[in-house]
Amino acid sequence: MPEAEIGLIGLGVMGSNLALNIAENASTIAVANRTTEKVDAFHAEAGALKDRIVPCRSLEALVGAIRAPRPIIIMTKAGAAVDEQIAALRPLLQAGDIIIDAGNANFHDTVRRSKELEDSGLTFIGMGVSGGEEGARHGPSIMVGGTAEAYQRVEPMLKAIAARFEGEPCVAHLGADGAGHFVKTIHNGIEYADMQMIAEIYGIMRDGLGMAPAEMADIFARWNEGPLNSYLIDVTAKTLAAKDAETGGALVDQILDSAGQKGTGRWAAIEAQMIGVAATTIESAVAARILSAMKAEREAAEQVFGPIELLDASIDRAGIIDQLEQALLAAKIAAYAQGFAVMAGASADHGWDLPLATIARIWRAGCIIRSQFLDEIAATFEAESGTANLLVTPRFSAMMRDSSVGLRKIVALSATSGIPTPALSAALAYYDTYRQARGTANLIQAQRDFFGAHGFERLDGSGPHHGQWNA
Ligand code: NAP
């Protein structure tokens, strides 16, 4: 006798928390996992929610436990595991059942899977879920791709489990097939940029100003009261303040300076390149993670070139700290402008009609990049839906004009003292390049025509030309 309204496969960090969230806020849920022992352990530990969870030791049992039409969430490792689960489910399901891939899929896979299931009678939804463990349990930001009809069928359940910003659920249907996973990818690309820029500011405080983590924690906590207010600034203040139980010192000082990546930030940079939108701050953040992992090579290089030296003790520290806040704000505007420009470009390429204001709205709570800033982005796209770039909107151009002064000073200071700021520098270069009406590509056109006879366009618009370069 079917007891559940929904099913979930994959009781890892995200799946187990999402299942508890659904059991608590939406409906009875049937759960399964490749390693079946985890199903029993999960059920045993579900406390008051135990009666709302149906533990299943096989996919057959899972399908049998859900009332038709069955929505089944796959929350496993992305990639081949998802294809394997779909293949195993297909013979067990009936027309009208809904498969929802909620992992971090590459959106190209989601487009492919949507096509493969098109004539099967099954409905496929590709759904980006952000907010990590805590979000999955207490309310994530949910980005849905699929048909409008498919979304309508799961909308009440998703609204019941999503994060809320001022009462509004952070979930939306963003477009067909891969739209939800694409937007999640760009979310993660922006997250990479945000985290890298914060880390660079930390680097200037540590290596330039010689500040202790506790002192930096106080500054980040103060910044969290201002325009930089966000989950990631709050996390930064808290991680900098945390003590190491073994040494009694700051925990951050005991952590290896080498960060991993699972690929979504890299996909964001690759997709930006593929659709021809400049996202240099996001690209720099991805490259910085790669360099961070090259610990042994960096150690060897420091032996060759010597370490960074502290800034002169007589420097105006309070002034620099104010400039750091400004720099972070200006660079953040550039990074978000790039991320939204990539989404606008992809929207046109893939025919998704991505609702940019809605995307900013559903990122205001539940997800890792949630911030007050996104409320302002949402308001900007609502007021100016056809805008080419956030940078030139009245609200953000005014903010950029003011805060870029600090960014310029910080990038200059870092460059002259050898402190690496790849993402902050890329943000400044993007801003300066974007706002220059007469750029330098006239010379590039000339060079290309010189060595490859590629031709060039003239300013007077009189059609293609070739230069008599060797005459
Ligand atoms: P996780 O804790 O490592 O759990 C992975 C789950 O996938 C486990 O249930 C595992 O089953 C299952 N699995 C792995 N390979 C499988 C296969 N070949 N066939 C069937 N099941 C398989 O991962 P997670 O952090 O929950 O992530 C799940 C998905 O959510 C991923 O796509 C991830 O990128 C995405 N995501 C993660 C976060 C985050 O903060 N962690 C945030 C957003 C999205 P076993 O127990 O049998 O190994």
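Count residues from 1 along the sequence. Each ligand, and each atom within it, is numbered from 1 in the order the structure gives.
Here the closest heavy-atom approach between residue G12 and residue N33 is recorded as N-OD1, 4.5 Å. The shortest non-hydrogen separation linking D177 to S114 is CB-OG, 3.5 Å. Residue A327 comes nearest to I201 through the heavy atom pair CB-CD1, 4.5 Å, listed as atom of the first residue, atom of the second, then distance. Between I125 and A150, the shortest heavy-atom distance links the atoms CD1-O, 3.7 Å. What you find for R164 and A365 is that their closest heavy atoms are O-CB, 3.6 Å.
Residue contact check: A78 has heavy atoms under 4.0 Å from atoms 32 (O) of ligand 1. Taking every non-hydrogen atom of G103 and a distance limit under 4.0 Å, the qualifying atoms of ligand 1 come out as 29 (C), 30 (O), 32 (O). Taking every heavy atom of E84 and a limit of under 4.0 angstrom, the matching atoms of ligand 1 come to 18 (N), 19 (N). Remark: ligand 1 atoms within the under-4.0 Å shell around heavy atoms of L11 are 9 (O). Close approach to N33 involves these atoms of ligand 1, each under 4.0 Å from a residue heavy atom: 8 (C), 9 (O), 11 (O), 45 (P), 46 (O), 47 (O).
Contacts between I9 and ligand 1, counted as non-hydrogen atom pairs separated by less than 4.0 Å, are absent for every part of the residue. No part of T264 comes within 4.0 Å of ligand 1, judged by heavy-atom distances. Both the backbone and the side chain of T76 come within 4.0 Å of ligand 1, counting heavy atoms alone. No part of E134 comes within 4.0 Å of ligand 1, judged by heavy-atom distances.
Distance check: R137 CZ to I22 CD1 gives 11.0 Å after rounding to the nearest 0.5 Å. In this structure, CD1 on I233 lies 7.0 Å from CG on N224, to the nearest 0.5 angstrom.
Considering only non-hydrogen protein atoms, atom 43 (C) of ligand 1 sits nearest to V129 O, 3.2 Å. From the protein, the heavy atom lying nearest to atom 20 (C) of ligand 1 is Q85 NE2, 3.2 Å. At the top of the distance list for atom 30 (O) of ligand 1, counting protein heavy atoms only, stands M75 SD, 3.6 Å. Of the protein's heavy atoms, G132 CA, 3.4 Å lies nearest to atom 40 (O) of ligand 1. Summary of contacts: the protein heavy atom closest to atom 15 (N) of ligand 1 is R34 NH1, 3.5 Å. The protein heavy-atom contact nearest to atom 45 (P) of ligand 1 is T35 OG1, 3.4 Å. Ranking protein heavy atoms by distance to atom 46 (O) of ligand 1, first place goes to K38 NZ, 2.5 Å. Scanning the protein heavy atoms around atom 5 (C) of ligand 1, the nearest turns out to be K77 N, 4.1 Å.
The shortest N/O to N/O separation between G10 and ligand 1 does not fall below 3.5 Å. Residue contacts with ligand 1: V13 is placed with a nitrogen or oxygen under 3.5 Å of a nitrogen or oxygen of the ligand (distance criterion only). Where the criterion is an N or O separation shorter than 3.5 Å, residue side chain and backbone included, A102 fails it with respect to ligand 1.
Within a 4.0 Å radius of atom 3 (O) of ligand 1, the protein contributes no non-hydrogen atoms.
Other residues, nucleotides and ligands contribute more than 12 heavy atoms inside 6.0 Å of the CG atom of D40. Counting non-hydrogen atoms of other residues, nucleotides and ligands closer than 6.0 Å to CD of E149 gives a total of 12 or fewer. Heavy-atom neighbours of K115 NZ from other residues, nucleotides or ligands within 6.0 Å: at or below the threshold of 12.
Of all the listed residues (N104, I368, I74), N104 holds the heavy atom that lies closest to atom 33 (C) of ligand 1.
Taking the six-membered ring for Trp and thresholds of 30 and 60 degrees, F220 and W223 have ring planes more than 60 degrees apart, a perpendicular arrangement.
For the ring pair (Phe, Tyr, Trp, His ring centres under 6.0 Å) criterion with H187, the lone passing option out of Y192, W363, F340 is W363.
Defined by atom type and a distance below 3.5 Å, a donor-acceptor pair is present between the side-chain atoms of T281 and Q338.
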